[in-house]
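Single-structure report; data block below.
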Number of protein chains: 2
Amino acid sequence: MSEQPSDFTTVAPITRRSLHDELVARLRDMIVEGELRPGARLPEKELCTRFGVSRTPLREALKVLASEGLVEISPHRGATVVQISRADIEEMFPVMGALEALAGELACANVDAAGIAEITALHHQMVAHYHRKELADYFRLNQQIHERILEAAGNATLSALHRSLAGRVRRARYMANMSAQRWAQAVEEHEQILAALTARDGKRLAELLRRHLQHKAEVVIANMAADGGAAQSAAG
Amino acid sequence: MSEQPSDFTTVAPITRRSLHDELVARLRDMIVEGELRPGARLPEKELCTRFGVSRTPLREALKVLASEGLVEISPHRGATVVQISRADIEEMFPVMGALEALAGELACANVDAAGIAEITALHHQMVAHYHRKELADYFRLNQQIHERILEAAGNATLSALHRSLAGRVRRARYMANMSAQRWAQAVEEHEQILAALTARDGKRLAELLRRHLQHKAEVVIANMAADGGAAQSAAG
DNA sequence: CCTCTGTATCTTGTATGCATAATGATCTCC
DNA sequence: GGAGATCATTATGCATACAAGATACAGAGG
């Protein structure tokens with residue numbers, strides 16, 4: 001055959017998503033994106049009519065989300081979206097810092113020129129958004145950069161754990177009000193992060209990422225303290 | 001009333017475990033302890049008769065285990081115990097190393113004298129088992145020490161992630177054949193670990209734990225290579 | 001008037017039944 | 001005789017029905 005076999009590997013796989021898989025994805029998005037507020041009850045019947053499915057796949061989905069730490073299930077009392085406390089956030093950030101630090105070390109060892117170029121491009125886009133004060137876009141690029149560093153580390157286990165934590169933390173939506181000073185500092189930190197990655201200085205990148213996450217934590221916690229905790233913002 | 005209300009809060013809560021929770025725990029144990037071998041199929045009907053439950057709670061349990069990474073579910077083809085590849089193990093240990101390193105730092109900052117005494121006692125018991133060449137007991141104490149360091153760190157998120165990874169790694173049952181030389185080295189490393197904890201030298205403890213995990217990884221990987229991978233040891 | 005208890009209702013937990021896709025065996029064609 | 005296709009069997013995916021516990025309301029007692 002003249003056709004290259006690799007063509008077959010590049011075609012989009014036929015996604016035969018079962019209902020429960022689809023429900024897990026949809027519900028997770030709704031929780032992470034804030035559509036389902038922390039503390040909100042998740043009555044099976046209501047969700048069933050909403051998604052047009054029966055209770056069986058829905059319940060399977062809720063169990064999975066519970067094991068991911070996004071919802072809490074009380075026996076005979078149903079599922080609720082978990083409240084993120086300040087203590088939870090304070091716990092999660094050091095762990096994310098450790099994971100990203102490891103990712104930084106591994107990335108410096110494994111990343112190729114194309115990977116660095118990609119992250120550099122994302123970085124410049126992010127800085128452009130910063131100068132235009134486009135917070136949402138800045139935040140999106142910021143997230144992508146961190147994800148790409150994780151990806152460059154080439155460790156699927158590490159990526160999975162980080163993604164899980166990042167999803168939970170993201171619900172705190174701390175980006176809302178960040179001071180101009182902190183924003184400038186964050187961009188400066190990202191400059192140094194990029195420099196360390198380009199120089200493939202693993203130790204330095206690890207330390208930069210750890211500190212970067214620590215500063216992020218301070219912003220989030222200050223923000224939570226300011227509006228009395230994101231958990232309480234349930235007013236429609 | 002002369003009775004103190006606090007009396008009521010101290011009684012052990014009645015644990016009303018639902019069937020699916022019980023099934024998750026039982027199946028997880030069976031997988032981690034090796035009763036269910038890697039690659040083994042998990043037919044719903046057979047497990048239902050075995051546990052005396054219907055398919056609904058069993059399926060919910062399998063979904064949870066799948067999200068924990070212990071079983072794999074293929075659409076319309078059922079669940080199987082996941083095969084741990086050498087690459088998976090090589091990925092997991094650096095992550096566990098990073099988590100334990102963080103735990104070491106936090107433990108040094110948070111642990112009290114009682115905690116140190118407890119870990120010291122466990123350490124001496126472990127060393128006694130070493131001198132008597134009681135591998136299983138040694139390994140159990142070893143595991144307890146690492147768990148207690150995690151606990152002393154006082155970070156539930158960190159503990160949960162570590163426990164999840166430790167459970168998956170434990171299935172590789174690397175303790176089987178460890179060289180006398182490596183065993184002696186491991187005990188020596190534990191001596192240093194205890195010393196660093198007692199001195200509350202967080203940086204040093206972190207580095208010791210990271211290296212300790214790295215050495216453990218080498219043993220596991222050598223062991224897997226020796227018998228052609230634990231995954232293949234399906235012969236009853 | 002307040003509190004406690006009993007009951008009704010609703011939600012969740014579990015079992016069962018039906019629909020559908022995958023596996024394996026048999027038959028046919030080459 | 002071997003390879004491929006078709007059909008039967010089996011297991012999974014989903015829906016529904018039944019059981020049991022939790023919540024809320026009402027009534028009785030203090």
Side-chain angles (χ1 to χ4, degrees), chain A residues 1 13-28 30-31 36-37 39-68 70-83 234, chain B residues 1-3 5 7-9 11-28 30-31 36-37 39-68 70-83 234:
Chain A
M1 303 296 182
I14 300 173
T15 54
R16 307 174 18 77
R17 304 189 74 163
S18 51
L19 283 182
H20 54 260
D21 276 344
E22 183 72 28
L23 286 170
V24 167
R26 294 272 287 274
L27 285 169
R28 181 163 40 210
M30 289 171 72
I31 292 172
L36 292 172
R37 296 302 182 92
R41 299 206 52 192
L42 299 170
E44 296 178 0
K45 197 176 178 183
E46 185 186 319
L47 292 175
C48 284
T49 58
R50 188 165 175 178
F51 290 114
V53 299
S54 83
R55 286 177 53 216
T56 305
L58 180 84
R59 283 175 57 81
E60 291 175 354
L62 289 177
K63 292 285 181 301
V64 170
L65 293 172
S67 85
E68 289 180 11
L70 286 175
V71 313
E72 192 173 359
I73 296 180
S74 308
H76 288 285
R77 295 201 302 183
T80 56
V81 180
V82 292
Q83 304 263 2
Chain B
M1 303 295 184
S2 60
E3 301 176 43
D7 284 349
F8 290 97
T9 65
V11 298
I14 300 173
T15 54
R16 309 172 9 75
R17 303 190 72 164
S18 53
L19 284 182
H20 52 258
D21 275 344
E22 184 71 28
L23 286 170
V24 168
R26 295 272 286 274
L27 286 169
R28 181 163 40 210
M30 289 170 71
I31 293 172
L36 291 172
R37 296 301 183 91
R41 298 206 52 193
L42 299 171
E44 295 177 2
K45 196 177 178 183
E46 186 186 318
L47 292 175
C48 284
T49 59
R50 189 165 174 177
F51 290 114
V53 299
S54 80
R55 285 178 53 217
T56 306
L58 180 84
R59 282 174 57 81
E60 291 175 356
L62 288 177
K63 294 285 181 300
V64 170
L65 292 172
S67 86
E68 289 181 10
L70 286 175
V71 314
E72 192 173 359
I73 296 180
S74 309
H76 288 284
R77 295 201 303 184
T80 57
V81 181
V82 291
Q83 305 263 4

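Every chain is numbered from 1, with letters handed out A, B, ... down the list of sequences.
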**Message:** One pair to check against side chain to side chain contact (heavy atoms under 4.5 Å, CB included): B/Phe51 and B/Leu27. What are the steps and the verdict?
**Reply:** CA-CA 10 Å; B/Phe51 290 114; B/Leu27 286 169; 3.9 Å; yes
**Item:** For A/Glu44, all residues meeting side chain to side chain contact (heavy atoms under 4.5 Å, CB included), sequence neighbours excluded
**Value:** A/Arg55, A/Leu58, A/Arg59, A/Leu62
**Item:** Spacing of B/Glu60 atom CD and A/His20 atom NE2 [to the nearest 0.5 Å]
**Value:** 11.5 Å
**Request:** Go through residues 53-66 of chain B and report each residue with a non-hydrogen atom lying under 4.0 Å from DNA chain C, sorted by number.
**Result:** B/Val53, B/Ser54, B/Arg55, B/Thr56, B/Pro57
**Fill in**
Between CD of A/Glu22 and P of D/dG13 the distance, given in whole Å, is 16 Å
**Fill in**
To the nearest angstrom, the CG-C1' distance between B/Leu19 and C/dG13 comes to 8 Å
**Request:** Send over the distance from B/Glu44 CD to C/dT16 P, rounded to a whole Å.
**Result:** 15 Å
**Between C1' of C/dT12 and NE2 of A/His76, the distance in whole Å** = 7 Å
Polar-atom pairs under 3.5 Å, protein N or O versus N or O of nucleotides 5-10 of chain D: list them with distances, or write none.
none

Can you name the atoms? Protein N/O to nucleotides 23-25 of chain D N/O, anything below 3.5 Å, with the distance.
unit_1 : atom_1 : unit_2  : atom_2 : d
D/dT23 : OP1    : A/Arg77 : NH1    : 3.1

**Message:** Applying side chain to side chain contact (heavy atoms under 4.5 Å, CB included) to B/Arg28 and B/Leu70, what does each step give before you reach the verdict?
**Reply:** CA-CA 8 Å; B/Arg28 181 163 40 210; B/Leu70 286 175; 3.6 Å; yes
**Prompt:** Residues two or more places apart in sequence or in another chain: which of them pass side-chain hydrogen bond (donor to acceptor under 3.5 Å, both in side chains) with B/Thr80?
**Reply:** none
**Nearest-0.5 Å distance that lies between atom CZ in B/Arg50 and atom CG in B/Leu42** = 9.5 Å
**Item:** Distance (rounded to the nearest 0.5 Å) between A/Lys63 NZ and B/Lys63 NZ
**Value:** 12.0 Å
**Prompt:** CD of B/Glu46 to SG of B/Cys48: how many Å apart, nearest 0.5 Å?
**Reply:** 10.0 Å
**Prompt:** What is the distance, rounded to the nearest whole Å, between atom CD of A/Glu46 and atom P of C/dT12?
**Reply:** 10 Å
**Request:** Could you point out which residue of B/Leu47, B/Leu65, B/Val53, B/Val64 forms a side chain to side chain contact (heavy atoms under 4.5 Å, CB included) with B/Leu23?
**Result:** B/Val53
**Asked** Within the pair B/His20 and C/dT14, is there a side-chain N or O less than 4.0 Å away from OP1 or OP2?
**Response** yes
**Message:** I'd like to check A/Ser67 versus B/Ser67 (side-chain heavy atoms, cut-off strictly below 4.5 Å). Are they in contact?
**Reply:** yes
**Message:** Let me test you: for the helix from C/dC1-D/dG30 to C/dC30-D/dG1, what is the angle between the axes at its two ends (five pairs each), rounded to 10 degrees?
**Reply:** 0°
**Fill in**
Rounded to the nearest 0.5 Å, the NZ atom of B/Lys45 sits from the OG atom of B/Ser54 at a distance of 14.0 Å
**Prompt:** Between B/Leu47 (CG) and D/dA11 (C1'), how many Å, whole number?
**Reply:** 13 Å
**Message:** Between A/Arg37 (side chain only) and A/Ile31 (backbone N and O only), is there a donor and an acceptor less than 3.5 Å apart?
**Reply:** no
**Prompt:** Rounded to whole angstrom units, what separation is found between the CD atom of A/Glu72 and the C1' atom of C/dT12?
**Reply:** 16 Å
**Item:** Nearest heavy-atom neighbours spanning A/Leu19 and A/Pro57
**Value:** CB-CB, 4.0 Å
